[in-house]
Amino acid sequence: MSLQGKTLLITAGPTYEKIDPVRFIGNFSTGKMGYAIAEACAESGAFVKLVSGPTNLNISHKNIERIDVMSGEEMYQACASIHAHCDISIFCAAVADYTPKHPSATKTKRQNDELTIELVKNKDISAELGKVKKAHQVHVGFALETNDELPNAQGKLERKNLDYIILNSLQDKNAGFGFDTNKVTIISKKQVSPLPLMSKKEVAKEIVKLLF
Ligand code: C5P
């Protein structure tokens, strides 16, 4: 019970960015990794505020409060209102980088052969909250890279003012989106620790150990 008394913010799942009332831009994140971390932290005695994008997952633990959101902007607003009261924040969500600039209030009709949707950048939740991180707060982020994995992840650790970044490898065929297993490397300013392929539950326990 070594996270006893700690309050955690965990983001999980994808975000859906509305194009019109029936369509959205999303991604293949299932939320499994974030939910596994939320469970492992709650089992260690922490109180968890789980800010979740749309997923098919259920979670029920007396120490977990789930806050459901849809878009990156909603996720940012929920996190910004909670963050100051949290000891540890774990940014596991696959937030859409861009969102439609002018979502339509009515269903878009099929007309021309081509359709252009103008997109604008979403706020980077981990980077924004990294700017207001206090000395006693710990931030953990995730990175999913397809090339130059280590330098890219280390760059994000720096830019987003994270204490740890968990690099997901897409090189292993059983790791990443949708799988129950993951192959990660835990990176801090001082250390790079590659872990073997393991279940997302075991990865979650390794992450919890960092936080004791
Ligand atoms: O920049 P990239 O999306 O690769 O960074 C991944 C990390 O940043 C993850 O921890 C993710 O949850 C977080 N992130 C975020 N808000 C965004 C984009 C990424 O919190 N808009």
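Atoms within each ligand, like the ligands themselves, are counted from 1 in listed order. Because only heavy atoms are used, hydrogens play no part in the values below, and waters and symmetry mates are left out as well, while side chains stay in. Because the structure is predicted, anything quoted here is derived from the model rather than measured.
Counting all heavy atoms, side chain and backbone alike, Ser29 lies closest to Gly13 at OG-C, 3.4 Å.
With sequence neighbours excluded, no residue forms a side chain to side chain donor-acceptor pair (under 3.5 Å) with Thr185.
Sorted by first and then second residue, the salt bridge (charged side-chain N to carboxylate O under 4.0 Å, His left out) pairs with a member in residues 82-92 form an empty list; sequence neighbours excluded. Evaluation of the salt bridge (charged side-chain N to carboxylate O under 4.0 Å, His left out) test over residues 152-162, restricted to residues two or more places apart or in two chains, returns Asp124-Lys160, Glu145-Lys156.
Ion pairing of Glu206 with Lys209 is present here, as a side-chain N (NZ or NE/NH1/NH2) and a carboxylate O approach within less than 4.0 Å.
When heavy-atom distances to ligand 1 are checked against 4.0 Å, the residues falling inside are Phe91, Cys92, Ala93, Val95, Lys123, Asp124, Ile125, Ser126, Gly141, Phe142, Lys156, Lys160, ordered by chain and number.
In this structure, a donor-acceptor pair under 3.5 Å is absent between the side chains of Gln4 and Ser2.
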